[in-house]
Amino acid sequence: MPDIQVVRIHAGEREERTTTTGTRAWELFADDADVIAARVGGQLKDLSHELADGDEVESVAIASPDGHDILRHSTAHVMAQAVQQLFPEAKLGIGPPITDGFYYDFDVPTPFVPEDLEKIETRMRKIIKEGQRFERRVTTDADALDELQDEPYKVELIGLKGGAGVEDAAEGASVEVGAGELTIYDNVNPRSKETVWSDLCRGPHLPTTKRIPAFKLMRSAAAYWRGDEKNKQLQRIYGTAWESKEALEAHLDRIAEAEKRDHRKLGRDLDLFSFPDEIGSGLPVFHPRGGVIKREMEDYVRRRHIEEGFEYVGTPHISKEHTFHLSGHLPYYADGMFPPMEFEGANYYLKAMNCPMHNLIYRSRGRSYRELPLRLFEFGHVYRYEKSGVIHGLTRVRGFAQDDSHSYVTEEQAPGEIKHLLDFVLGLLRDFGLDDFYLELSTRDDSKPDKFVGSQEQWDTATEVLRVACEESGLELVPDPGGAAFYGPKVSVQAKDAIGRTWQMSTIQYDFNQPQGFDLTYQASDGSRKQPVMIHSAKFGSIERFLGVLVEHYAGAFPPWLAPVQVQAIPVADFASDYLHDVARRMRTQGLRVEVDDSDDRMQKKIRNAQLQKVPFMLIAGNDDIEAGAVSFRYRDGRQDNGVPVDEAIARVATAVASRDQV
């Protein structure tokens, strides 16, 4: 057989190799059991892929991001096979890998229950133990339609093949069909050589089911086919799979910790906020203690904006339709807006963003280059038409407040303003205890030009300005192709919380579209009229989402400056109440938030209650303390200093609040 030349890339090393025609990718990595797929010419392939002369072949380890996706997608196939063996009437939907796991949708007569998931797991272990081979088979549309005629959802997916918006048409559909050839993966019994199960799929997959080291089914839920509430409701089973049992256990531990930190639960336990059904889904209300945190956030960010040269403005919650046509949000963002209200012969919309109103403030009079940068800021309440299935506590809501700001600058000022905003954002996040982050640069998807406005030159200029500013920050920069807003590229700060989860926080967007739509101009130094560049920035993103993230980051134990109650005063008996009320009055004159527990509970229960409410400091007083003009100063973690003079105790609390440090 004739020789071929290939390049083997493994563990960061490149090696040229001479091999023979017919060599499979696995043969290059046979000495490393962690390799479960290969990237050939930049494309992910099965290890059974036959190599050609000149191929560059890079190993894909099971613990890598691509390796995780392949492992989890293969596990989804095993789960679907198990479901159809146990529930023969089940019809297959879509089963993609997702962050930290996978899911598969099924059309079944009755919803799954926890006992069903146990049975499915048991059958999956049997399939894994059999070591079934994943074998790729190219087919035609006609043959696939014939073979899958009893799978109506697969037939529908085949009809999407080659379309420009496969993923838009159905979440996860791109793992099954795409613009290329149509393929089916067969699960083949290694002993009988018979195909025991098949699924429409683009792959790649693990070589065999035995390469699935550790998995667990997590839960089932209802899900509409293709995410459309008008379609049939299917049953979705979620699962996770990892490269080792240890990695699975670590993941489950993270989930358990995340459940303890769930802001929805802590919001109830700490009496911070609620979501009354009478008001509507995704519309939170803040209780007095949650209102304290919200006010602290607002006071902080208002002061910081003013320090950074912004001017505070205010705009209404609704506007005539024409405003949003000027901004381009109609028609580009129509699906994200609530339906219009007809009034006095005109359509009014709840605003989904504040920028159109700020443009009208800019346009209210002539502007000179001497006024630029002009920076406007407000707490603007906006409303987004989110589907019920994606609403989640405070982190995904339908009504929220943005610390929304817009900088109007000359094109020459844009790079400096973006750097200024980025420094502002990072300083704010650090003040709130988030100091582990990276940047993500979202750019236009050139395959969908109808979803974006502006010329290629405008996009290139804007993207380059953002890229340079990000790189100069020294932070890691991750590309996000296709993630830009319709009017321009954006950079977002991705922050990690206390248990390593990543949250999108602040955003900065470069907009060359709206100034044109609103005909915004300024008089340049040479007397000509020029169009400014508009830069959007939201430091919190939304106050609601940011607060939800903080609840989970701190597990409800806020640093003193944010804590709803900073000090709980606890008398050992009734005789000490008046003494502690006097101490509390002194503390309140310094702006400190203090409560005195006058309940009939025993002292130890009062301490326990304060700990459950995650109050940072407790001041305990008995007869000896009163005589000495002192208190026992107790910390949230149980440490306690006895006989602390009242003035010193107040100073300790005030210093902790001023420093914004955690205790």
Side-chain angles (χ1 to χ4, degrees), residues 23-30 32-40 43-51 57 59-85 92-98 101-104 120-121 123-139 143-144 147-148 151 154 157 172-178 180-215 237 239-243:
T23 297
R24 307 283 177 170
W26 68 265
E27 297 180 64
L28 299 187
F29 310 106
D32 191 340
D34 287 337
V35 176
I36 49 91
R39 188 176 287 100
V40 182
Q43 299 295 315
L44 288 171
K45 300 290 183 182
D46 299 310
L47 284 180
S48 60
H49 176 74
E50 184 175 329
L51 304 180
V57 190
S59 62
V60 176
I62 192 170
S64 68
D66 285 331
H68 277 158
D69 283 348
I70 293 167
L71 164 64
R72 290 162 184 163
H73 189 40
S74 298
T75 310
H77 274 227
V78 170
M79 179 179 73
Q81 181 186 162
V83 167
Q84 290 199 311
Q85 288 179 355
L92 301 174
I94 297 173
I98 56 176
F102 60 88
Y103 69 77
Y104 214 117
I120 294 166
E121 276 194 349
R123 183 58 61 94
M124 289 174 67
R125 293 189 189 96
K126 180 181 177 183
I127 293 169
I128 290 169
K129 190 174 181 180
E130 288 175 359
Q132 295 177 9
R133 294 196 306 270
F134 289 95
E135 293 191 357
R136 181 176 184 270
R137 171 164 52 94
V138 178
T139 186
D143 287 345
E147 181 176 344
L148 299 169
E151 295 284 359
K154 300 295 183 181
L157 290 176
S174 60
V175 304
E176 311 226 359
V177 296
E181 58 191 0
L182 201 63
T183 55
I184 287 175
Y185 271 79
D186 298 320
N187 280 37
V188 178
N189 186 299
R191 294 183 178 179
S192 67
K193 313 300 183 187
E194 293 180 354
T195 296
V196 293
W197 189 80
S198 300
D199 194 9
L200 181 70
C201 185
R202 298 175 70 188
H205 279 284
L206 299 172
T208 76
T209 57
K210 275 191 175 179
R211 301 294 290 274
I212 299 174
F215 77 94
I237 298 179
T240 188
W242 294 83
E243 66 273 14

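Keep in mind that what you see is a predicted model, and the values were worked out from it rather than measured. Values reported hereafter were calculated over all heavy atoms of this structure, with side chains retained and with hydrogens, waters and symmetry mates removed.
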Would you mind reporting whether [Y] and [X] have side-chain heavy atoms less than 4.5 Å apart?
X: Pro207; Y: Phe134; result: no
X: Pro204; Y: Val60; result: no
X: Trp197; Y: His77; result: yes
X: Val196; Y: Ile127; result: no
X: Met124; Y: Thr75; result: yes
X: Leu71; Y: Pro213; result: yes

Rounded to the nearest 0.5 Å, what's the gap from [atom1] on [X] to [atom2] on [Y]? Could you check?
X: Arg133; Y: Thr208; atom1: CZ; atom2: OG1; result: 9.5 Å
X: Lys210; Y: Ile128; atom1: NZ; atom2: CD1; result: 11.5 Å
X: Ile212; Y: Met79; atom1: CD1; atom2: CE; result: 11.0 Å
X: Arg24; Y: Phe29; atom1: CZ; atom2: CZ; result: 15.0 Å
X: Glu147; Y: Ile184; atom1: CD; atom2: CD1; result: 4.0 Å
X: Arg202; Y: Leu182; atom1: CZ; atom2: CG; result: 10.0 Å

Heavy-atom closest pair, residues [X] and [Y]:
X: Cys201; Y: His73; answer: SG-NE2, 3.0 Å
X: Thr183; Y: Leu200; answer: O-CD1, 3.7 Å
X: Ala38; Y: Ala25; answer: CB-CB, 4.0 Å
X: Phe102; Y: Thr240; answer: CE2-N, 3.5 Å
X: Ile36; Y: Ala61; answer: CG1-C, 4.3 Å

Sole candidate of Arg137, Arg136, Gln132 that passes side-chain hydrogen bond (donor to acceptor under 3.5 Å, both in side chains) when paired with Asp186: Arg137

Side-chain donor or acceptor of Glu243 paired with backbone N/O of Ile62 under 3.5 Å: no

Stepwise salt bridge (charged side-chain N to carboxylate O under 4.0 Å, His left out) test for Asp199 and Lys154: CA-CA 9 Å; Asp199 194 9; Lys154 300 295 183 181; 3.0 Å; yes

Contacts of His49 that satisfy ring-ring contact (aromatic ring centres under 6.0 Å, His included) - sequence neighbours left out: none

Residue list, ring-ring contact (aromatic ring centres under 6.0 Å, His included) with Phe215, at least two apart or on another chain: none

Enclosure of Trp26 CH2 (heavy-atom neighbours >12, cutoff 6.0 Å): no

Worked verdict on Glu135 versus His205 for side-chain hydrogen bond (donor to acceptor under 3.5 Å, both in side chains): CA-CA 8 Å; Glu135 293 191 357; His205 279 284; over 6 Å; no

